[in-house]
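So the structure is just underneath, and the comments pick up after that.
Residue numbers begin at 1 in each chain, while the letters A, B, ... track the order of the sequences. Quick caveat: nothing in here was measured; it's all calculated off a predicted structure.
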Amino acid sequence: MPSDSVTASNFIREIIKDDVKNNKNDGKVYTRFPPEPNGYLHIGHAKSICMNFGFAEDFNGLCNLRFDDTNPVKEGAEYAESIMNDIRWLGFEWEDRLFYASDYFDKLYEFAIDLIKKGKAYVCDLSADEIRNTRGTLKEPGINSPYRDRSIDENLDLFKRMRSGEFENGTRVLRAKIDMASGNLNMRDPVMYRILHATHHRSGDKWCIYPTYDFTHGQSDSIEGITHSICSLEFEDHRPLYDWYIEQLEIHHPQQIEFARLNLNHTIMSKRKLRELVEERYVDGWDDPRMPTLCGLRRRGFTPTAIRNFLTRIGVAKRNSVVDVAMLEHCLREEQNKSAPRRMAVLNPLKVVIDNYPDDLTEEMEAVNNPEDASAGIRKVPFSKTLYIERDDFMEDPPKKFYRLAPGREVRLRYAYFIKCEDVIKDETTGEVIELHCTYDPASRGGNSPDGRKVKATLHWVSAEHAIDAEVRLYDHLFSKEDPLEEEQGSNWKDNINQSSRVILNTCKLEPSLKDVSVGYFCQFERQGYFCVDLDSNANKLVFNRSVGLKDEWLRMQNK
RNA sequence: UGGGGCGUAGCCAAGCGGAAAGGCACGGGGUUUUGGUCCCCGGAUACAGAGGUUCGAAUCCUCUCGCCCCAGCCA
């Protein structure tokens, strides 16, 4: 953990700190994470999760998990399962504090009756279209519903009949009687209850009227005794409405605090658009390693620690912003550099024969498992006459700054020997380099020459006869544009998908120690990046995902 | 003057009247059997702009400009 993780201050933490100091709410801190069970969590949600659970932890309080399930036609239990799984994976626990807004349907109904009795709510027979047409515009006030002044008794009677199923969907709603001329559209007699003859994933067919989110959310927080209701910026102008309900109802008043949600460049965070990518098969599923979903990031090899460090570093404020994904990638590298075991793997193999090496000899070379962690120990890697090296590590006609292998040049094979390239074999028809012939210096065993001569490069390698075959999937940004929604004339945001966001390599050669590795195994392939075993792996096929590449100065020079 | 927010380096972001933290990215140098890691060094005469208050302002006041959100019986 970076040292800033504990001290990182932000305006919400300051507010809470002050409240605790002033003994507001008896000095208690109670938060909640309120997802709607209608999709998968992404890293933007993780920001909210980390804040809500994190503040509770930091201030000795509690955090509830509450599903805001007020819309039976869109929600389902299968989503709730995945959401709980992702929150636990991030490292948070709600113990026995799992709630559903639907648990409060009875209470909410009583609240509605209460407001009717206070003359603060009425049943409106206008259709959805009519309500919209009488709401006014951003600059002009709305006009009162003709049903606005019904008697309390009539409202009570009608609302009860709405509940008993007497009316069709959409024929009537219960509305709050506030102010059709308010500059805040949310206050123009908002709908509290709508008729929905639909089966709810928890309450079944008990109800045929359902409260709207606006009539549910604030009171749910109130019922749970939440002290700090943290939510995103777009709910800022709903706050006056939530406050209004709570004041009319005379119930506990949580303090709502809004923050700017997370945006990352080269990807999208819209649930609707992510769904579109999945359903139209632009990606392989919600857990495709290119997705910003938590299950996607997990499959890609991102860890809870890396994600949480990242979220701590970017802070929280009210300014709309777009964070560079390089920051997220940095956090994974930072963590894994310290802990990931190092292994050698050749992704694009080029055959190398050491002409002066004995035909049948195999030597076991000692390799360090992690130079950042001596306790990780060492392992043996077999070396023999025929090897594979990375195609990119050889150039027949190298430019000035290239200091890897080239004709006549000597380099080091990591933990093995110095080798010198003596001959280049090419395919006669294509001209492609297919094999290199080298000689080795037996005195350089282990990687250093007793005469003290230096080489400019150290290459990773794998012994051909001992190598394991594997598939490796390389990932890059899902969208080539920083802002995927930036559309050119006649194009659509999906045209911005990076065509090479996934590159599959089928002929990779791994060092034999990787033989029995299983799903989730994580390591660094030296000089290349961090990789993890994908769940597509099985007994006869190993599949690795590249989580993130190492920083690569040579690559950067070439791109200049 | 519809309402509500926000404007500090390329990207995030501290700062709360005493005089610009930190991270990422970027550039330079050193170490190095990963062109990795690590270690140095480099950046805003300046905080959207203009006025004003003050001994002193990114921080207070005024005006201007720019960006975001709101017209679902979605959340």
Side-chain angles (χ1 to χ4, degrees), chain A residues 2-4 8-10 14 34-36 38 68-71 73-75 124 126-128 131-133 135-142 169-175 181-188 190-196 209-210 212-214 216-217 232-240 258 260 265 271 310 312-331 333-334 337-338 342 344 367-368 371-372 401-404 412-416 446-448 455-460 482 524-529 549-557:
Chain A
S3 57
D4 58 2
S9 102
N10 62 61
E14 291 306 309
E36 182 190 15
N38 76 335
D68 270 344
D69 53 352
T70 55
N71 189 348
V73 310
K74 289 192 176 177
E75 296 148 4
C124 181
L126 258 25
S127 69
I131 288 182
R132 175 159 23 86
N133 293 333
R135 185 153 28 225
T137 67
L138 293 180
K139 293 189 177 179
E140 296 154 10
N169 285 359
T171 53
R172 267 168 251 262
V173 292
L174 182 70
R175 290 227 252 170
S182 172
N184 182 344
L185 299 251
N186 295 117
M187 302 299 272
R188 320 242 264 227
V191 171
M192 297 162 57
Y193 265 90
R194 70 280 213 188
I195 300 171
L196 240 36
I209 57 172
Y210 291 93
T212 57
Y213 174 83
D214 277 348
T216 306
H217 187 77
S232 45
L233 249 32
E234 68 269 28
F235 292 103
E236 220 152 11
D237 28 287
H238 292 241
R239 189 177 54 213
E258 306 87 4
N265 58 13
K271 231 193 252 185
F310 166 73
T312 299
R313 283 190 187 206
I314 61 169
V316 11
K318 297 190 74 161
R319 187 186 333 182
N320 287 314
S321 60
V322 181
V323 176
D324 192 338
V325 291
M327 180 81 93
L328 214 208
E329 292 168 349
H330 166 83
C331 289
R333 285 194 203 99
E334 175 186 59
N337 173 54
K338 294 178 210 145
R342 271 84 229 241
M344 291 198 284
V368 172
E372 306 294 318
K401 294 296 187 71
F402 182 88
Y403 45 78
R404 274 110 96 148
R412 169 169 39 233
L413 292 181
R414 184 148 225 224
Y415 300 126
N448 279 311
V455 289
K456 294 196 82 175
T458 300
L459 311 186
H460 60 278
E482 273 199 33
Q524 179 193 105
F525 286 167
E526 293 222 27
R527 305 208 300 133
Q528 310 201 82
L550 250 32
K551 280 207 215 155
D552 188 340
E553 192 169 309
W554 169 237
L555 217 192
R556 244 185 296 160
M557 289 170 68

Under 3.5 Å on both distances, the Watson-Crick or G-U partner of [N]:
N      : value
B:rU32 : none
B:rC63 : B:rG49
B:rG2  : B:rC70

* Structure fact -> Sorted by chain and number, sequence neighbours left out, side-chain contact (heavy atoms from CB on, under 4.5 Å) with A:Ala317 holds for none

Reported [atom1]-to-[atom2] distance for the pair [X] and [Y], which is rounded to 0.5 angstrom:
X        : Y        : atom1 : atom2 : result
A:Arg412 : A:Asn448 : CZ    : CG    : 5.5 Å
A:Arg194 : A:Thr212 : CZ    : OG1   : 6.0 Å
A:Glu258 : A:Asp237 : CD    : CG    : 9.0 Å

Base, sugar-phosphate or nothing for [X]? Non-hydrogen atoms, less than 4.0 Å.
X        : result
A:Asn448 : base
A:Val455 : nothing
A:Pro141 : nothing
A:Val368 : nothing
A:Phe310 : nothing

Measuring only the [atom1] atom in each nucleotide, how far is [N] from [M]? A whole number of Å is fine.
N      : M      : atom1 : result
B:rA58 : B:rA50 : C1'   : 16 Å
B:rG10 : B:rC55 : P     : 35 Å
B:rG72 : B:rU1  : C1'   : 28 Å
B:rC16 : B:rA21 : P     : 12 Å
B:rA57 : B:rG49 : P     : 15 Å
B:rA48 : B:rG7  : C1'   : 6 Å
B:rC74 : B:rG5  : P     : 27 Å
B:rG22 : B:rG15 : C1'   : 12 Å

* Going by heavy atoms in the side chains, are A:Val368 and A:Arg342 under 4.5 Å from each other? -> no

Counting only side-chain nitrogens and oxygens, does [X] get under 4.0 Å of the OP1 or OP2 atom of [N]?
X        : N      : result
A:His460 : B:rU34 : no
A:Arg556 : B:rG35 : no
A:Lys139 : B:rG3  : no

* To do: Of all the heavy-atom pairs spanning A:Lys271 and A:Asn38, show the shortest one and how long it is.
  => NZ-OD1, 2.6 Å

* Structure fact -> Given protein heavy atoms under 4.0 Å, the one-letter contact record of nucleotides 68-75 of chain B, with B base, S sugar-phosphate only and - none, is simply SBBBSBSB

[N] [atom2] sits how many Å from [X] [atom1], rounded?
X        : N      : atom1 : atom2 : result
A:Arg404 : B:rU34 : CZ    : C1'   : 11 Å
A:Leu550 : B:rU32 : CG    : C1'   : 14 Å
A:Arg313 : B:rA25 : CZ    : C1'   : 13 Å
A:Lys551 : B:rC38 : NZ    : C1'   : 11 Å
A:Lys318 : B:rA13 : NZ    : P     : 13 Å
A:Glu14  : B:rA14 : CD    : P     : 10 Å
A:His330 : B:rC12 : NE2   : P     : 17 Å
A:Arg412 : B:rG35 : CZ    : C1'   : 13 Å

Side chain of [X] (C-beta onward), nearest among [options]:
X        : options                : result
A:Met327 : B:rG23, B:rC12, B:rA14 : B:rG23
A:Glu236 : B:rG35, B:rA13, B:rG5  : B:rG5
A:Ala317 : B:rC12, B:rU34, B:rA13 : B:rA13

* Asked: Using the purine O4'-C1'-N9-C4 or pyrimidine O4'-C1'-N1-C2 torsion, is B:rG72 syn (within 90° of 0) or anti?
  -> syn

* 5′-ward residue of the pair A:Glu553/A:Ala326 relative to RNA chain B -> A:Ala326

* Start at the 5' end of RNA chain B and walk down; is the nucleotide closest to A:Val316 or to A:Leu413 reached first? -> A:Val316

* Validation row, ring centre A:Phe402 to ring centre A:Trp554 under 6.0 Å -> yes

* Does the base of B:rG36 carry an N or O that pairs as donor and acceptor with the side chain of A:Glu372 under 3.5 Å? -> yes

* Base B:rU34 paired with A:Gln524 side chain (donor-acceptor, <3.5 Å) -> yes

* Backbone N/O of A:His330 and side chain of A:Glu334: donor-acceptor pair under 3.5 Å -> no

* Hey, what's the ring geometry for A:Phe235 with A:Tyr213, parallel, tilted or perpendicular (30° and 60° as the breaks)? -> tilted

* Asked: Going by distance alone, is a donor N or O of one side chain under 3.5 Å from an acceptor N or O of the other, for A:Thr458 and A:Arg414?
  -> no

